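Below: the structure, in structure tokens.
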Amino acid sequence: MTLEKVEKFNIFLRIRRFILGKEKPDLLTRASCLIVFIIWIYLISWQVLTFLSVMLVNTIEKTKGGLNGPATIKAAFQRVGSREYGFADTMNRLTVHSSIQLILFVVALVGIILVYRKKRLGFFLYITPLLLTFLATYFILGWSYMMNELSGTDAILLLMTVIYFTIGLFLFYRKPSQKEVAKA
């Protein structure tokens, strides 16, 4: 009589298995997804900070000198937005832009998870939203905003990971040639 192996799972292990799956991918896939996930955390953190700063501006208290904190900050945002970029309503543009960026980055996270699980769809769900981040910035905030406010490091990280995953898509998921099919 053999004893059955009993695996103990707490809630965190169940969630991890649900998200990452039962099978562990090869080392290159794991390393790639880990590095891209770290880059993803860096990139989304800027969007979260922008979103929170715009959304929580009304929670700032008035200063002791009698200045209205939220009104002063909103006026400063508007002054810079209208003078530098010609925005009629800077706060709303930043809110819409950050919201769209956050949605795109969540879709990119789903893509990273699917790449880890060796699903071809994951490459598309990672590459497409990151390319759309540039388009969203261009259409919502304009070209001059992109050139002046988008960090070179951020743009390079976005483009490098997109290029890397595009190469991975074509290398790992190419159709077998006729010679390989004939040998099998």
Side-chain angles (χ1 to χ4, degrees), residues 1-52 54-55 94-141 145-146 149-184:
M1 182 164 114
T2 62
L3 295 175
E4 291 183 30
K5 184 178 179 183
V6 177
E7 294 183 31
K8 292 184 180 181
F9 286 116
N10 60 22
I11 189 71
F12 298 112
L13 290 175
R14 287 177 192 234
I15 292 171
R16 180 179 170 213
R17 180 171 274 186
F18 175 74
I19 293 172
L20 299 178
K22 292 181 180 180
E23 293 183 28
K24 205 176 204 181
D26 58 277
L27 181 62
L28 179 62
T29 303
R30 287 193 319 251
S32 298
C33 288
L34 177 64
I35 291 168
V36 168
F37 179 68
I38 292 169
I39 292 170
W40 178 87
I41 289 173
Y42 168 76
L43 293 172
I44 197 171
S45 66
W46 289 110
Q47 297 305 324
V48 169
L49 290 173
T50 302
F51 183 76
L52 289 176
V54 171
M55 295 305 292
L94 288 175
T95 303
V96 168
H97 178 260
S98 292
S99 301
I100 290 172
Q101 294 288 340
L102 289 174
I103 292 168
L104 290 172
F105 276 107
V106 168
V107 172
L109 177 63
V110 171
I112 294 170
I113 292 168
L114 290 177
V115 168
Y116 185 88
R117 294 180 85 169
K118 295 195 158 224
K119 306 288 184 196
R120 185 176 190 182
L121 177 63
F123 287 99
F124 296 109
L125 287 179
Y126 183 78
I127 294 167
T128 305
L130 290 188
L131 292 176
L132 288 176
T133 61
F134 288 112
L135 287 176
T137 303
Y138 176 74
F139 285 116
I140 296 170
L141 298 173
Y145 181 91
M146 279 182 67
E149 303 295 333
L150 183 65
S151 166
T153 304
D154 294 355
I156 289 170
L157 287 174
L158 280 167
L159 291 175
M160 282 179 45
T161 58
V162 165
I163 291 168
Y164 180 75
F165 269 30
T166 303
I167 292 169
L169 174 66
F170 290 116
L171 287 180
F172 294 118
Y173 291 102
R174 61 181 173 202
K175 293 181 180 178
S177 66
Q178 295 297 331
K179 293 178 183 178
E180 291 175 6
V181 172
K183 289 181 183 177

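What you see is a predicted model; the values in this text were computed from it and never measured. One-based numbering along the sequence shown.
Between C33 and I112 the shortest heavy-atom distance is SG-O, 3.8 Å. In terms of heavy atoms, F124 sits closest to P129 at O-CD, 3.8 Å. Nearest heavy-atom pair across Q101 and A136 is NE2-CB, 3.9 Å. Shown here for P25 and Y116, the closest heavy-atom pair between the two residues is CG-O, 3.2 Å.
Atoms CG and CD1, from L34 and I39 in turn, are 10.0 Å apart once rounded to the nearest 0.5 Å. Distance check, rounded to the nearest 0.5 Å: CG of L52 to CD of Q47 gives 11.5 Å. Here L141 contributes atom CG and H97 contributes atom NE2; the two are 4.5 Å apart, rounded to the nearest 0.5 Å. Atom OG1 of residue T95 and atom CE of residue M55 lie 6.0 Å apart, to the nearest 0.5 angstrom.
For the pair S32 (side chain) and T29 (backbone), a donor-acceptor distance under 3.5 Å is absent.
Looking at F105 and T133, their side chains come closer than 4.5 Å, going by heavy atoms from C-beta outward. Between I113 and K119, every side-chain heavy-atom pair lies at or beyond the 4.5 Å cut-off. The shortest side-chain heavy-atom distance between F37 and L109 falls under the 4.5 Å cut-off. L159 is listed as a side-chain neighbour of F134, based on a closest heavy-atom distance under 4.5 Å. Inter-residue side-chain proximity for K118 and D26 is flagged as met; some heavy-atom pair is nearer than 4.5 Å. No side-chain heavy atom of R117 sits less than 4.5 Å from a side-chain heavy atom of E23.
The neighbour count for M146 CE, taken as heavy atoms of other residues, nucleotides or ligands under 6.0 Å away, is above 12.
For Y138, the side chain to side chain donor-acceptor pair (under 3.5 Å) test picks out no residue, with sequence neighbours left out.
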Donor-acceptor pairs under 3.5 angstrom involving side-chain atoms of residues 150-158: please list them, not counting sequence neighbours.
{"unit_1": "S151", "atom_1": "OG", "unit_2": "T153", "atom_2": "N", "d": "3.2"}
{"unit_1": "D154", "atom_1": "OD1", "unit_2": "Y42", "atom_2": "OH", "d": "3.0"}

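Taking the six-membered ring where the residue is Trp, Y126 and F165 present tilted rings, their angle falling between 30° and 60°.
A side-chain contact (heavy atoms from CB on, under 4.5 Å) with I127 holds for exactly one of L130, L131, L125; it is L131.
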